[in-house]
Each structure stands twice: as C-alpha cells, then as structure tokens.
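Throughout, protein chains are lettered first and strands after them, A, B, ... in sequence-line order, and every chain is numbered starting at 1. Side chains included, hydrogens not; waters and symmetry mates left out as well; all remaining heavy atoms used.
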There are 2 protein chains.
Amino acid sequence: MTDNAASLTIIDIARLSGVSKSTVSRVLSGAENVSEEARRKVTEAVEASGFRRNELARSLRSGRTGMVGLLIPDIANPFWAEVARGAQDAATEEMASVLIFNSDWDPERERRHLMALTQSRVDGAIVNPVQNGLDELSRSQVPLVLIGSSAERFPELPSVGSDITQGVQLGLERLVQAGLGMPALLVGDPHRTARERFVGAVREFGAAHGWPVEALRLQDGHYTIEGGREAMKRLLQGGVPRVVFAANDMMALGALHAVREAGLNCPEDVAILGFDGTPAAEVSMPGLTTIMKPSRDIGRRAFELLSRKIAGDEDVPHMSLPCSLVERGTLPTREGPRVVRGEERTAT
Amino acid sequence: MTDNAASLTIIDIARLSGVSKSTVSRVLSGAENVSEEARRKVTEAVEASGFRRNELARSLRSGRTGMVGLLIPDIANPFWAEVARGAQDAATEEMASVLIFNSDWDPERERRHLMALTQSRVDGAIVNPVQNGLDELSRSQVPLVLIGSSAERFPELPSVGSDITQGVQLGLERLVQAGLGMPALLVGDPHRTARERFVGAVREFGAAHGWPVEALRLQDGHYTIEGGREAMKRLLQGGVPRVVFAANDMMALGALHAVREAGLNCPEDVAILGFDGTPAAEVSMPGLTTIMKPSRDIGRRAFELLSRKIAGDEDVPHMSLPCSLVERGTLPTREGPRVVRGEERTAT
DNA sequence: GTGAAAGCGCTAACAG
DNA sequence: CTGTTAGCGCTTTCAC
C-alpha cells in the first residue's frame with residue numbers, strides 16, 4: 001500500500017490499470033456497462049494503491065454533496081441530541097452525513113448558520129426555526145424540512161413534529177383510568193406555541209369528559225427544575241391538588257421536589273405526570289411517569305422527508321408523530337409498567 | 001435580489017461589475033491588491049444579486065474544506081453531546097463546521113465512518129478510538145486529535161482527556177475534610193482503562209493517607225442505574241459502608257436508590273460520591289455530589305489542538321483537563337455548595 | 001492593479 | 001464497452 005494514498009487521483013489508477021479515467025470513474029460509481037476484465041483491473045489497482053475518490057471533486061461536478069445540515073437550538077440538550085441521533089442514523093443508512101449547528105435560540109446565530117449551510121452546498125437542511133424570517137434559506141432554494149412546533153408558522157414547508165394533542169390525551173386518559181380527576185397544570189413560557197397547544201388540549205379533553213374546565217388551575221413557571229419547584233410551591237399554597245400535569249419533565253421533577261419538601265408523598269398525596277421524556281426523569285424517586293415525545297423518530301423522519309424533497313418530490317407532507325406514555329412511579333399504579341403508543345399521522 | 005441566487009457564479013458577478021473573474025475572486029477572499037473602485041463595484045454586484053460563493057469549488061482548488069470530523073460513540077449520550085458542543089463552539093469561532101459520526105462503540109462502524117471522513121476531505125478529525133487499529137486514518141494522513149482515556153494507546157497522536165487521577169484526589173480530599181474515611185468503591189466494566197485508573201488513584205491516595213487500602217471494598221456492576229443499584233445491594237449485604245465512591249454517576253444514582261430501599265438515609269447513614277457530572281445527577285433527591293469531567297472543554301480544546309495540527313504545528317501535546325467537584329446533597333455538608341476546580345496540565 | 005489561462009479531481013455526454 | 005473531450009466554480013500563477 002502506498003503511503004500517501006491521499007494524493008492519488010483517478011488518473012493514477014487509470015495508468016496503473018491500463019484503462020482510461022472514464023472507465024475508472026465508471027467502476028468507482030458502480031456503472032453497469034464495464035467489462036469484467038476492466039472492472040477487475042481497476043478494482044485491483046484501487047486496492048493495491050489504497051486510492052480514495054475525492055468526494056469534493058465529485059460533488060463539484062455532480063452538484064451533490066451527500067451532506068445535509070441540521071440546525072437546532074442546542075445539541076447539549078437531550079431532546080435535540082436525540083433528534084440529531086435519529087437524523088444521523090437515517091443519514092448513515094443512505095451514505096449521507098450531517099452537519100450540525102446550534103442556534104441557541106438566537107435569531108442572529110440562526111441566520112449566520114443558515115448562510116454557512118447554503119455556502120457549504122449541503123443538499124438540504126433540517127431546521128428548527130426560531131425566527132419568523134426564514135428568508136435566507138427559502139430564497140436560496142435549499143431543500144428544507146422543518147422540525148418542532150414552531151414549524152407551523154411556515155405551512156408551505158414540509159415539517160415533522162410531535163403530536164402534542166394526542167400526547168395530552170394519552171396522559172389524561174391514563175388519569176381517568178386511575179380514577180383521578182382534572183389535573184392542575186404546570187406550564188412554561190407563555191409565548192411558545194407549545195404552551196397554548198398543551199393547555200388547549202387539556203381544555204378540550206376536559207370539556208368532552210365533563211370536567212369543570214372553568215376551574216382549571218394553571219401555574220406558570222420557568223422551564224427548569226427550580227421553576228417547577230417554585231410553581232408547585234405556589235400551587236400548593238392554594239390547596240393541595242390531587243394530581244398535576246406538567247408541560248415538561250423538568251418542571252415535573254421540580255414539582256416532585258416541592259411535594260416532598262411540603263411533607264407530602266407522591267403518588268399517594270399528589271400524583272405527577274410529566275411531558276417530554278428526558279432521560280433525567282428516570283432517576284428521580286419515584287421515577288417520573290411521563291408522556292414521551294418521539295424525539296429520535298422526529299430526526300429520522302425529518303431526514304427521510306428531506307431525502308424525498310431532495311429527490312425532487314414536490315408534495316412532501318407535514319407529519320405529526322405520536323407521543324407515548326412511559327409509566328414509572330409518580331401516578332397511582334395500574335397494572336404495572338408499560339408503554340402505550342399512538343398512531344402516526346400525516347397531512348399534506 | 002435575484003431569486004435563484006444559488007446558481008450565480010463569480011463569472012456573473014464579473015460581468016455585472018465589469019471586471020474580470022480574477023478580480024472578483026480577489027475581492028471575495030479579501031486580498032489587498034485591489035483598487036477601491038473595483039472592490040466597491042464587486043461588493044455592490046454581490047449584494048444586489050445575493051451571490052454566494054460556492055465553497056465546494058473553493059475547497060477543490062484550495063484543498064481546504066473548513067470542515068472537521070468528530071467521531072464519538074453516541075451523540076445521544078450527554079457526555080458526548082457536551083464534548084460535541086464544545087468542539088462546535090470552537091469551530092464556529094474559526095468559521096469551521098463539524099461533521100459528527102456515531103460509532104456506538106463498534107469497531108466496524110468506527111472503521112466505516114473513518115473512511116467516510118477521509119473521503120469527504122475534512123481538514124482533520126477528532127476521534128474517540130474504540131479499537132486498537134487506527135490504521136485507516138493514521139495511514140490516510142488526515143490530521144488527528146484523540147479524545148478520551150482510550151487515547152493513551154496511541155502516544156504518537158495528540159490527545160485531550162480528563163485528569164481522572166486529579167478528579168479522584170479532589171473527591172477523596174473532600175471526604176477526609178468531612179471526616180469520612182476510606183470509601184467503598186462501585187466500579188464498572190473491568191476492561192476499560194478508566195476503571196484501573198480510578199481504582200489506582202484511590203489506592204495511591206489511600207496509601208498516602210494511611211488508609212487500610214488492603215481492605216478496600218470493591219463492588220463491580222454494570223455501568224447503569226440498575227447496575228449501580230444491584231452492586232450497592234450486594235455491598236450492603238457485607239455491611240453498611242459509611243461512604244461509597246462510584247466510578248460514574250449512573251451507578252451512584254443506582255446506589256442512592258438502593259440505600260433508600262434498604263431504609264437508610266443519604267447522606268446521614270451512607271454518603272455517596274459520584275464521578276462524571278451527568279445532568280441527571282441534578283434531579284435526584286438529594287442531588288448527587290459528584291466529580292465533574294470537563295466534557296465541554298475537552299471538545300473545545302480538542303478542536304483547538306486539531307486546528308494547530310492542521311496549520312502545520314508538529315508537536316501538538318497531550319492535554320489532561322482538570323475535573324471539578326460539584327457539591328449537592330449526598331455528602332455531609334461542609335460550608336455549603338460550591339465548585340472546586342483543579343489546574344490544567346499539558347504534556348508533550 | 002488587473003486579466004488571461006491553467007488547472008483542482010472528477011463526471012458526463014459523445015463518438016466510436 | 002471504452003476513450004476523448006468538455007467542463008463543474010473557483011484560485012492562482014504569470015504576464016501585462
């Protein structure tokens with residue numbers, strides 16, 4: 001094996017195997033119309049020399065890089081890490097790779113990374129938009145798939161998100177089965193569309209089940225453990241609720257702390273249901289029962305949709321992936337731990 | 001602004017601004033020897049047309065892609081996600097981007113991704129090696145920086161890791177300050193070099209402090225919550241230790257569960273110290289006091305070293321980054337919560 | 001200071 | 001089936 005295999009070109013291989021560079025190219029890209037003889041000679045030369053085709057040149061010529069961009073708020077956030085992993089898995093299967101950028105929920109960074117993306121000539125991009133003006137990308141013709149609830153602001157673009165309405169229903173049904181009534185709600189940032197969706201779904205379900213929704217108790221708080229603990233404390237001051245449903249796991253975990261600190265027991269005195277599916281929810285005592293968002297699947301499906309769009313498919317749909325219920329210890333027991341899933345929905 | 005700005009080339013800009021494409025290229029790459037007049041005209045044309053230079057063509061010509069590869073076991077693992085984030089942050093500052101691949105600790109996958117990396121002509125790569133044969137990459141001349149404790153198998157390559165000896169000392173010093181004696185140890189996979197390092201550091205410290213190290217209690221278990229819980233149960237059967245030091249946070253968390261289940265209190269009856277710094281350790285009750293590995297910094301420094309190596313620096317060092325102590329609730333209190341840091345070390 | 005010309009390594013017609 | 005011939009869009013001598 002040659003040592004500086006890196007600098008070998010297809011011309012060297014052509015010389016080594018006594019054919020033209022076109023033939024080498026054909027063999028390399030697995031074309032059919034090549035004689036066995038030629039294929040063998042080329043293959044041998046390639047293996048003997050350790051040659052690797054220069055993907056850069058190939059991309060320049062073919063216009064395809066085999067790379068897609070992924071623009072998310074923060075890879076260090078477990079939810080987004082799962083999404084990224086899903087996208088990578090799908091990409092790997094199609095021999096593609098993923099370029100990841102973090103926006104930190106900052107429109108300016110988002111804009112800059114969007115530019116970097118288009119310049120590096122990715123074949124397409126998956127983005128969780130934090131701003132309204134997606135001009136940069138939509139103008140630059142890069143095939144795009146949106147992820148997350150904020151995607152709804154761009155109905156013209158394909159998207160995949162979690163079906164939070166279905167998730168809420170799943171949780172609420174679990175509550176009625178356990179004989180619990182309407183939960184008090186712990187919710188986060190009032191500006192996110194996710195919050196409205198969450199509360200709306202609870203109201204709807206409640207109305208359909210004869211709950212006194214006008215008396216629904218809502219406590220706002222910051223989207224963190226501390227925020228959840230404090231919101232729960234405030235809630236407790238207005239009377240101990242039999243069950244609380246938090247819009248995210250961190251707040252639910254904080255609520256669990258607050259319940260304990262108030263000298264109450266979970267799930268005996270107050271039951272808690274979370275929403276997210278963060279790994280951290282597994283380690284609390286008791287473990288948090290929660291509605292899990294299909295994070296990894298979101299990434300995977302987003303890549304698949306993007307793939308279709310890159311291939312020229314005109315009407316790539318909006319997808320809503322079902323949440324699942326993961327039973328741990330913060331709700332009164334039913335028949336033991338299990339996972340309930342919903343069905344995937346697609347709309348164009 | 002033109003609509004299909006994507007398909008514009010530097011020749012179009014040349015025509016639009018009435019200069020040659022060489023001049024356009026010069027302006028674009030910020031060369032000095034260009035008249036103000038020309039620079040202005042080109043700049044205007046670029047802005048008016050929304051032109052974006054094709055990085056692919058640039059890369060092909062210049063041999064630089066501005067991309068580095070990052071090959072880690074699993075981006076969905078919080079530790080590696082932090083490492084990735086650190087590398088990305090550093091990369092962004094230098095206008096570079098990061099291509100992430102997951103090996104899942106599988107040598108075969110590692111090999112395949114390594115090949116993909118070299119073919120996409122990244123400028124260099126940061127890898128956590130899972131196998132001994134790094135032939136693929138080392139042969140292919142791609143600048144490389146290793147991360148993680150397994151990096152030591154390749155002394156010829158620059159690397160950055162966490163100083164686990166220092167981390168262990170930090171924890172142990174904290175124990176003696178709290179008046180606690182030699183801890184029982186909860187350790188994971190016997191084959192990883194990390195384990196030996198951990199135990200070795202405890203023995204060394206113990207010997208220096210007159211501990212009866214020959215009586216050191218060691219309990220093996222799987223590197224998970226469940227594994228920790230079971231290992232702790234076994235340990236408990238041989239007598240309740242005053243304090244246990246787990247080689248990783250998941251096991252420590254499991255131990256916490258086991259202690260509770262045995263009707264004991266933490267930290268009153270048995271104190272627990274973890275090692276890792278996973279976010280999940282924050283949510284237990286009490287929160288886990290632990291030694292935190294400098295994960296994000298590892299990623300950042302690795303990128304910086306790689307950058308030097310790409311720039312042609314011949315003697316890029318091995319780096320050992322200090323761990324820090326994060327106080328939460330599983331050790332008897334001292335003066336309240338705080339973080340203690342160590343110092344960074346470099347060796348060539 | 002500027003333009004012309006020659007590629008970077010590969011793919012894709014187009015003839016044979 | 002195979003070789004020849006043009007480029008992909010850009011950078012980079014090399015003259016002027």
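For the helix from C:dG1-D:dC16 to C:dG16-D:dC1, the axis fitted to the five pairs at one end and the axis fitted to the five pairs at the other end meet at an angle of 40° (nearest 10 degrees).
Considering only side-chain N and O atoms, B:S20 lies nowhere under 4.0 angstrom from the phosphate OP1 or OP2 of C:dT2. Distances shorter than 4.0 Å separate none of the side-chain N or O atoms of A:T23 from OP1 or OP2 on D:dT2.
For A:F303, there are no ring pair (Phe, Tyr, Trp, His ring centres under 6.0 Å) partners at least two apart in sequence or on another chain.
Considering only side-chain atoms of A:V34, the nucleotide from D:dG3, D:dT12, D:dT2 that sits closest is D:dT2.
One can place CD of B:E32 at 10 Å from P of C:dG1, the figure rounded to the nearest angstrom. The CD1-C1' distance, from A:I13 to C:dT11, rounds to 17 Å in whole Å. For the pair B:E55 CD and D:dG9 C1', the interatomic distance rounds to 11 Å; values are reported in whole Å. The nearest whole Å value for the distance from the CD1 atom in A:I11 to the C1' atom in D:dT5 is 13 Å.
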Could you list the protein-to-nucleotides 6-9 of chain C atom pairs, N/O on both sides, closer than 3.5 Å?
| unit_1 | atom_1 | unit_2 | atom_2 | d |
| --- | --- | --- | --- | --- |
| C:dG7 | N2 | B:R61 | NE | 3.4 |
| C:dG7 | N2 | B:R61 | NH1 | 2.9 |
| C:dG7 | N3 | B:R61 | NH1 | 3.3 |
| C:dG9 | N2 | A:A57 | O | 3.4 |

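By the 4.5 Å heavy-atom criterion applied to side chains, A:I10 and A:R53 are not counted as neighbours.
The pair B:R40-B:E36 does not meet the salt-bridge criterion, since no charged nitrogen lies less than 4.0 angstrom from a carboxylate oxygen. Using a 4.0 Å cut-off between charged side-chain N and carboxylate O, B:R300 and B:E304 make a salt bridge. Remark: B:R85 engages A:D104 in a salt bridge, criterion side-chain N to carboxylate O under 4.0 Å.
At a threshold of 4.0 angstrom between heavy atoms, the contacts of B:S35 are confined to the sugar-phosphate backbone, with no base atom among them.
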